[in-house]
2 protein chains.
Amino acid sequence: MAFVRSGSNLSQIAALLGVSAATVSNALSGKGRVSAELVDKIRATAAEIGYVPSLTGRALRTGRTGVLGLVLPDIANPLFPQIAQAIEFAASSAGYGVLIADSRGSVAMQTDAISRLVERDVDGIVIVPRRGTRITDIGCPVAVIDSPSTPGNTVSADHWQGGQAVVEHLAGLGHRRFLLIGNNAASNVQNDRIGGMKSRLPQGGHAEVMWIERHEAQFGKGGLLGLAERVADGFTAFCAVSDLQALRALTELQRAGIAVPEAASVTGFDDLVWSSVITPGLTTLRMDMATIADIAIKALVRVIETDAAGTAVAADRPSVPMTLVIRQTTARMAASAGTVSNSEPETPPEGERR
Amino acid sequence: MAFVRSGSNLSQIAALLGVSAATVSNALSGKGRVSAELVDKIRATAAEIGYVPSLTGRALRTGRTGVLGLVLPDIANPLFPQIAQAIEFAASSAGYGVLIADSRGSVAMQTDAISRLVERDVDGIVIVPRRGTRITDIGCPVAVIDSPSTPGNTVSADHWQGGQAVVEHLAGLGHRRFLLIGNNAASNVQNDRIGGMKSRLPQGGHAEVMWIERHEAQFGKGGLLGLAERVADGFTAFCAVSDLQALRALTELQRAGIAVPEAASVTGFDDLVWSSVITPGLTTLRMDMATIADIAIKALVRVIETDAAGTAVAADRPSVPMTLVIRQTTARMAASAGTVSNSEPETPPEGERR
DNA sequence: CTGAAAGCGCTTACAG
DNA sequence: CTGAAAGCGCTTACAG
């Protein structure tokens, strides 16, 4: 602050104009107990000397810091940029700052992160919880962004509907045999997505779920997923619960000489930054993070500003629809599909260019 | 705060023990002007009633908030998680909180973001500047993370040395014709990386630079980069300035039926989360963000805590070496390389598994 | 070793 | 419409 504050404060303005600090405060905050002329004079002087109110002073007096905490399970998560950006935007639009905290994997650190924020007197916290964690009462308003099937007050994307959209799209293209690729069977989000997919299987459709962590526990980490063999088994649609897994699947198939989308379709979830940059572009589902963040922040702000004693937020548990982004990894099932394709992939036709 | 503070404060402890608030403060902060016994008693009582000091009160009195700002050019940047995580860790280890601000592309918003932070009385700011932006004196201590060739006080990875390491690695594998793939020719970081690459060309080596934004200005956004043709021209090494471009190159080559690494090697930069997950795993360079963040935060904290009047930081402009992470996209140049390979890629041998 | 006092910058009853 | 006073929770000279 020594550097920051230009040194001007309420009292200085007051002294300059021969009025009281209280009047300056009232004039500047526009509470309307000051004559219009005085307000103008005070405003002008404030602007002139470059007065910036001290949020710290205000915080001490009002008991509100105007800062929200954001706790993420793991900042290194590729989805984090989207979340952080949306939350930061929604919060600063509402006049709040955002303090970040990383729970770096462990549940213990999540608790730590939360208390660091609480010590800094944040007015509320947005939490994207670790898998399986339940956020209990932490003594300040909380909004949880997770999955609709998480118990407690949450805001989230409609992962189930997203899963339905994927399979509907692929079924419409003639696919019947789906390999659903998840990472961790304990994740609510992933289960919702896969549940949605299964719920929309077409007549005569068949789906099988592959959990990568389970596969790796058996065959070692980072190896191939054996997808070429699954193509030989007749699977033509590979639907991952995240773009990360979709990319893994796509590159594995390409590497094995299986043309995507001619011989196999691949879909992801989340529309991560690189999804539109790869060849072929990845068909995926996008969350409306702006809306989700908005709902979370608005709910938080409502609780904070009405001084409601509870910590509950968003009692109606809204879930926001996801949008299917169709790119080039999905295509009508070829007549020959269902057998390993060793045909040379052609250069994509002009119309397929992004 | 209404929710947050358990309600206990210095005066309460003081009242409980029949001593003054000043003594409680001194005891708790361990400044050593209080008898050992009293310190023990005070500590015990504090712990018992769950006293948590108000950082806001302290901030108002000391003129320091204990909060640092982090300004990023675009939170959606895939490198952001690494940076934010490292900064958050270094800052919280030093006892500081981190307030984020997104400059969302425009220079105007960068200025905005900075002043929002300054208004919140941050003690210092870490900036990852937008390309071409110069951070002028903003009235509070600043550490800039960019490239060593940025004018001003910066901390950064040694991008030049990273570029050298890439080409040395590939030259050692027999490669002679390098296509260096950049995105934006105005980026200091990218130019450093490419400059380093060029500086280590082997005897008889040849390098050509391709700037994607320039290419796209001519041929349209998101199309193919024409890499298959470059393979036909005899290029065998495709060195991107970022994993994002490397992924684009890799998938484009795979899609065109060119086997990586048998017919062409591909390298990236930054070791983004997915780089180890794709097939084949991407050879890339990793920044030591933990060290970079540490240097930035330490420099900032030194300026803040010595109450130095200036805003300069890290006068020695340290640059931190990058580490080559060799995976499977780079291999000894095949005898047949230099001509388009249409051979079926084989299933990777066991030893290549990650 | 300990305490009384002042003050960081603000806002909010309360009185005039 | 305007002002004097109190106080948010802390720390820091200063005095004893």
Side-chain angles (χ1 to χ4, degrees), chain A residues 1-43 46 49-67 118-121 123 305 307, chain B residues 1-42 46 49-67 95 118-121 123 305 307:
Chain A
M1 213 134 69
F3 315 92
V4 171
R5 325 237 85 250
S6 42
S8 61
N9 57 24
L10 275 189
S11 321
Q12 274 173 41
I13 300 179
L16 240 38
L17 290 168
V19 299
S20 76
T23 299
V24 176
S25 172
N26 281 325
L28 258 25
S29 62
K31 291 246 167 51
R33 307 101 150 310
V34 186
S35 66
E37 308 133 71
L38 230 192
V39 168
D40 285 348
K41 274 210 293 196
I42 290 172
R43 288 250 161 90
I49 67 173
Y51 168 72
V52 178
S54 160
L55 265 15
T56 306
R58 182 178 298 166
L60 187 55
R61 170 66 225 221
T62 62
R64 279 189 206 138
T65 53
V67 174
V118 169
E119 278 177 25
R120 290 200 182 275
D121 297 337
D123 292 335
E305 300 189 352
D307 223 27
Chain B
M1 212 135 69
F3 315 93
V4 171
R5 325 234 84 250
S6 41
S8 61
N9 58 23
L10 277 188
S11 320
Q12 274 173 40
I13 300 181
L16 241 37
L17 290 168
V19 299
S20 76
T23 299
V24 176
S25 172
N26 281 324
L28 257 25
S29 62
K31 290 247 168 50
R33 306 106 151 299
V34 186
S35 66
E37 307 133 74
L38 231 193
V39 168
D40 286 349
K41 272 209 295 197
I42 289 173
I49 67 173
Y51 169 72
V52 179
S54 161
L55 266 12
T56 305
R58 182 180 297 166
L60 186 55
R61 170 67 225 221
T62 61
R64 278 187 207 139
T65 54
V67 174
V118 169
E119 278 176 24
R120 289 198 181 276
D121 298 337
D123 292 335
E305 299 189 353
D307 223 26

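Computed from a predicted model, the values in this text were never measured in an experiment. As a basis for the values below, the full set of heavy atoms in this structure was taken, side chains included, without hydrogen atoms, waters or symmetry mates.
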Considering heavy-atom distances to DNA chain D, does A:Arg61 or B:Ala21 have its closest nucleotide positioned more toward the 5' end?
-> A:Arg61

Side-chain contact test, heavy atoms from C-beta onward, threshold under 4.5 Å: evaluate it for B:Val24 versus B:Leu17 and give yes or no.
-> no

Between D:dG9 atom P and A:Glu119 atom CD, what is the distance in whole Å?
-> 16 Å

Applying side-chain contact (heavy atoms from CB on, under 4.5 Å), name anything that partners A:Arg58, two or more places apart in sequence or on another chain.
-> A:Pro53, A:Leu55, A:Thr62

So which one's nearest nucleotide on DNA chain C is more toward 5', A:Ala22 or B:Gly57?
-> B:Gly57

Smallest heavy-atom separation, B:Asp123 atom then B:Gly66 atom, equals OD2-N, 2.7 Å

Does a side-chain N or O from A:Ser25 land closer than 4.0 Å to OP1 or OP2 of C:dT11, or not?
-> yes

For side-chain contact (heavy atoms from CB on, under 4.5 Å), just list the numbers for B:Arg120 and A:Val67, CA-CA rounded to whole Å, side-chain angles, deciding distance to a tenth of an Å, and then say yes or no.
-> CA-CA 9 Å; B:Arg120 289 198 181 276; A:Val67 174; 4.0 Å; yes

Rounded off to whole Å, could you give me the CG-to-P distance for the B:Asp121 and C:dC10 pair?
-> 10 Å

A:Ile13 atom CD1 is separated from C:dG9 atom C1', nearest whole Å, by 12 Å

Between OH of A:Tyr51 and P of C:dG9 the distance, given in whole Å, is 10 Å

d(CG, B:Leu28; P, D:dG9) in whole Å = 15 Å

Spacing between B:Leu60 atom CG and D:dG7 atom C1', to the nearest angstrom | 12 Å

When Watson-Crick pairs (N1 to N3 and N6-O4 or O6-N4) and G-U wobble pairs (N1-O2 and O6-N3) count only below 3.5 Å on both distances, what is the dot-bracket string of DNA chain C, with | for other-strand pairs?
-> |||.||||||||.|||

Would you say a side-chain N or O of B:Ser20 is under 4.0 Å from OP1 or OP2 of C:dG3?
-> yes

Does B:Arg58 place a side-chain N or O at less than 4.0 Å from the phosphate oxygens OP1/OP2 of D:dG9?
-> no

B:Thr23: what forms a side-chain hydrogen bond (donor to acceptor under 3.5 Å, both in side chains) with it, not counting sequence neighbours?
-> B:Ser20

Expressed in angstrom and rounded to an integer, what is the separation of A:Leu10 atom CG from D:dA4 atom C1'?
-> 15 Å

Separation of C:dC1 atom C1' from B:Asn26 atom CG, nearest Å, is 10 Å

So do B:Val52 and A:Val118 actually touch side chain to side chain, heavy atoms under 4.5 Å?
-> no

Phosphate contact (D:dT2 OP1 or OP2) by A:Thr23 side-chain N/O below 4.0 Å = no

Scan side-chain atoms only and decide if A:Asp121 and B:Thr56 contain a donor-acceptor pair under the 3.5 Å cut-off.
-> yes

